[in-house]
Amino acid sequence: MRNVTKKLRALALLAVSMFVFVSFGMAQQTVLLSESFETGNGATPPAGWVLEQVTGTTLGVTFVTSSTTPTVSAAYDGTKFVRYNSYNISSGSTRLKRDVAMSTTNKSFVMVEFAWYEDPGYTTNADRVDVQWSTNGTTWTTAATFNRYNAVAGWKAKNVVLPATANNQATLYVSFLFTSAYGNNCALDMVRVTAGPPAPPAFATIGTGTTTVGYPYYTFYMGSRTQMLYTAAQLTGAGAPAGQLLSVGFDISTAYPQVMQNFTIKMGHTTNATLTAFVAGLGTVYQQNYGVPGTGWRDITLTTPFVWDGTSNVIVEICFGNNGSYTSNSLVRGTAVTGGTWHYHADNYAGCTGTSAGTVQATRPNIRFGIPPINPGVLMGYVRDINTNAPIAGAIVQVGTARDTSRANGMYIIYNLNAGPVTANATAAGYIGGSASATILTGAATNQDILLAPGPKVGGMVTDASTGLPIVGATITVGTGANAVTTYSVAGGTYLTPLLSIQ
């Protein structure tokens, strides 16, 4: 027994030496709708759904626990599913539609997932379902079509990512349009509508200092004018491409809600390397009374985006005047820059239209410019057993630092990946870690399944060293600590461990 344990522990140590840690996590996915149709009854759909006869005369949708032609003995989820009676309908189509709106505001990559029963009957009869969407509940657009026929019968996981025009909508509806081709019946179950986060905002940030200054929001006086110079090299180094700068933001340390009257932002190109006076001729890109809303980075979306030529230095002017009152300065964080800031403030000062000498400042406010956001892509697919093609739930799929955990049907989805080649690594209990390569396309969903091979098992027989008789109930441990796997010998002294993971 002692020798058996030693050998098992040696094997376990070999497995541990090959282990690679991958941190766990979940995608930033929002579930907008989850429907298993359990409360459907006969031809009456669950609350929030209605039936609409589109063509033909027979309303062929019912909610059942089983079905024939083909035989569907159980629902994919729960006890009930949607059946469309195309076996008895010569032609026609019925829409099962959602009449309760969902919101996709500030969301992207809206996806409809569902279970669909396929069977090999009537090979040439294209009984089918169209996945549709609408922003008003009356005008429908087809996103994808799924036929009933498949050489292999059974429930299949299906999904379709809706077009980008379904993103960021105040109201969104989905529907399933069943169409009969006089073949076998159709069956559908477990509908989920999910969405991902919006593309991350894109900023070009200049300055990392922590010194706090009162400009450009110098509300301790009634009027203020500040010009700040940022070089082309600094803009390029921060990731700003030539083109539109969409917003201007400052890192606020202390905020005072004093509203600045006639608040104006101006911007312009310059060849100056430093500021020695206020520079004239800048263009107005924002003008509206403004109060600093809080601390942290606070961005102002420009009414007129500034178009940077990609080679010139840029001056940003912020001014306000004739407030009629004063409080205290809102403090912003800045960095020491020689000749980077020219500033003036005074009571009863017009600010944007007044003239002033001003003085150079030793600290230039840190700034971030909003630039056109990237249009990232999505990687999605299924994690499956390489031998049986069965879905693997709970697998961790990771691309760089982004990751997701596969669902019960094996599906994973990772949002906001930059365009280009990526490698997705997957790990799951009882399986050897695996990977797959894919190319992410801008603004699109890339499908890539990942196949994992089961890990090894350790087995044998435990016997009494003196008599040679089998020992029942002996404890066999493979590995140590959190990675240990324990099993017991059974009749005849035999044992067999569960699958062992090797990464």
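The chain is numbered in sequence order, starting from 1.
Ring orientation note: the planes of Phe263 and Tyr290 are tilted relative to one another, at an angle of 30° to 60°. Classification of the Trp49-Phe37 ring pair by plane angle, with boundaries at 30° and 60°, yields tilted. Between Tyr173 and Trp140, the ring planes are perpendicular. Angles over 60° get that label, and only those under 30° would be called parallel.
Here the CG-OG1 distance, from Leu59 to Thr94, works out to 5.0 Å after rounding to the nearest 0.5 Å. To the nearest 0.5 angstrom, Arg128 atom CZ is 7.5 Å from Asn147 atom CG. Here the CG-CD distance, from Leu302 to Gln287, works out to 13.0 Å after rounding to the nearest 0.5 Å. Atom OG1 in Thr405 sits 3.5 Å away from atom CD1 in Ile396 (nearest 0.5 Å). The CG atom of Leu235 sits 11.0 Å away from the OG1 atom of Thr205 when rounded to the nearest 0.5 Å. The structure places CD of Glu52 at 9.0 Å from OG of Ser93, a figure rounded to the nearest 0.5 Å.
Here the side chains of Leu172 and Leu162 are in contact, with some heavy-atom distance below 4.5 Å. For the pair Met411 and Arg192, the minimum side-chain heavy-atom distance is 4.5 Å or more. Between Thr446 and Thr439, every side-chain heavy-atom pair lies at or beyond the 4.5 Å cut-off. Between Thr62 and Asn85, the closest side-chain pair of non-hydrogen atoms is not below 4.5 Å. Counting heavy atoms from C-beta outward, Ile300 and Ser247 have side chains that stay 4.5 Å or more apart. With contacts defined as side-chain heavy-atom distances shorter than 4.5 Å, the pair Tyr415/Ile413 qualifies. At a threshold of 4.5 Å between non-hydrogen side-chain atoms, the residues Met102 and Val174 count as touching. No side-chain heavy atom of Thr39 sits less than 4.5 Å from a side-chain heavy atom of Phe63.
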Check: For Phe306 and Phe369, what are the C-alpha separation, side-chain angles and deciding distance, and is it a ring-ring contact (aromatic ring centres under 6.0 Å, His included)?
Finding: CA-CA 10 Å; Phe306 178 75; Phe369 296 100; 8.4 Å; no

field: Chi angles and distances behind the side-chain hydrogen bond (donor to acceptor under 3.5 Å, both in side chains) call for Thr79, Thr65
entry: CA-CA 6 Å; Thr79 60; Thr65 58; over 6 Å; no

### Query
Does the side-chain contact (heavy atoms from CB on, under 4.5 Å) test come out yes or no for Tyr149 and Asp119, once each step is laid out?
CA-CA 5 Å; Tyr149 171 77; Asp119 79 277; over 6 Å; no

**Ser175/Gln132 under side-chain hydrogen bond (donor to acceptor under 3.5 Å, both in side chains): CA gap, chis, key distance, verdict** = CA-CA 5 Å; Ser175 72; Gln132 300 182 319; 3.2 Å; yes

From CA spacing to verdict: side-chain contact (heavy atoms from CB on, under 4.5 Å), Asn168, Asn106 = CA-CA 5 Å; Asn168 205 35; Asn106 293 326; 4.0 Å; yes

Given the rule in the side-chain hydrogen bond (donor to acceptor under 3.5 Å, both in side chains) test, do Asp251 and Asn366 qualify, once you have shown the distances and angles that lead to the verdict? CA-CA 7 Å; Asp251 186 9; Asn366 303 333; 5.2 Å; no

Would Glu113 and Val191 satisfy side-chain contact (heavy atoms from CB on, under 4.5 Å), going step by step from the backbone distance to the final call? CA-CA 6 Å; Glu113 306 171 49; Val191 172; over 6 Å; no

Would you sort out whether Leu32 and Lys107 count as a side-chain contact (heavy atoms from CB on, under 4.5 Å), showing the intermediate values?
CA-CA 11 Å; Leu32 304 178; Lys107 295 179 177 62; 4.0 Å; yes

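Between Leu379 and Val422, the shortest heavy-atom contact is CD2-CG2, 4.3 Å. Closest of all the heavy-atom pairs between Ile450 and Ala436 is CG1-CB, 4.0 Å. Between Tyr84 and Gly92, the shortest heavy-atom contact is OH-O, 3.2 Å. For Val378 against Asn416, the heavy-atom pair with the smallest separation is CG2-N, 4.5 Å. Pairing each heavy atom of Arg148 with each of Gly183, the nearest pair is NH2-CA, 4.4 Å. Across every non-hydrogen atom of Ser489 and Ile476, the tightest pair is N-CD1, 3.7 Å.
Using a distance-only test at 3.5 Å, with no hydrogens or angles considered, no donor-acceptor pair links the side chain of Glu38 to the main chain of Gly40. Side chain of Ser67 to backbone of Val72: no donor-acceptor contact under 3.5 angstrom is found. A side-chain donor-acceptor contact under 3.5 Å links Asp449 to the backbone of Tyr382. Side-chain N or O atoms of Asn167 include one that pairs as donor or acceptor with a backbone N or O of Phe109 at under 3.5 Å. Counting only distance, with no hydrogens or angles, the side chain of Ser406 and the backbone of Gly394 share a donor-acceptor pair below 3.5 Å. A donor-acceptor pair under 3.5 Å is formed between the side chain of Asn125 and the backbone N or O of Tyr182. Of the possible polar contacts, one joining the Asn185 side chain to the Thr68 backbone as a donor-acceptor pair under 3.5 Å is found. The main-chain N or O of Tyr286 is never found under 3.5 Å from a side-chain atom of Thr303 such that the two would form a donor-acceptor pair. Without hydrogens or angle criteria, Ser180 side chain to Ser86 main chain gives a donor-acceptor distance under 3.5 Å. Within the 3.5 Å criterion, the main-chain N or O of Pro120 finds no donor-acceptor partner in the side chain of Glu118.
Just one of Trp155, Trp116, Tyr76, Tyr117 meets the ring pair (Phe, Tyr, Trp, His ring centres under 6.0 Å) condition when paired with Phe81; it is Trp155. Across Leu188, Asp127, Asp130, a single residue satisfies side-chain contact (heavy atoms from CB on, under 4.5 Å) together with Phe178, and that is Leu188.
For Tyr87, the OH atom is loosely surrounded, since the number of other residues' heavy atoms within 6.0 Å does not exceed 12.
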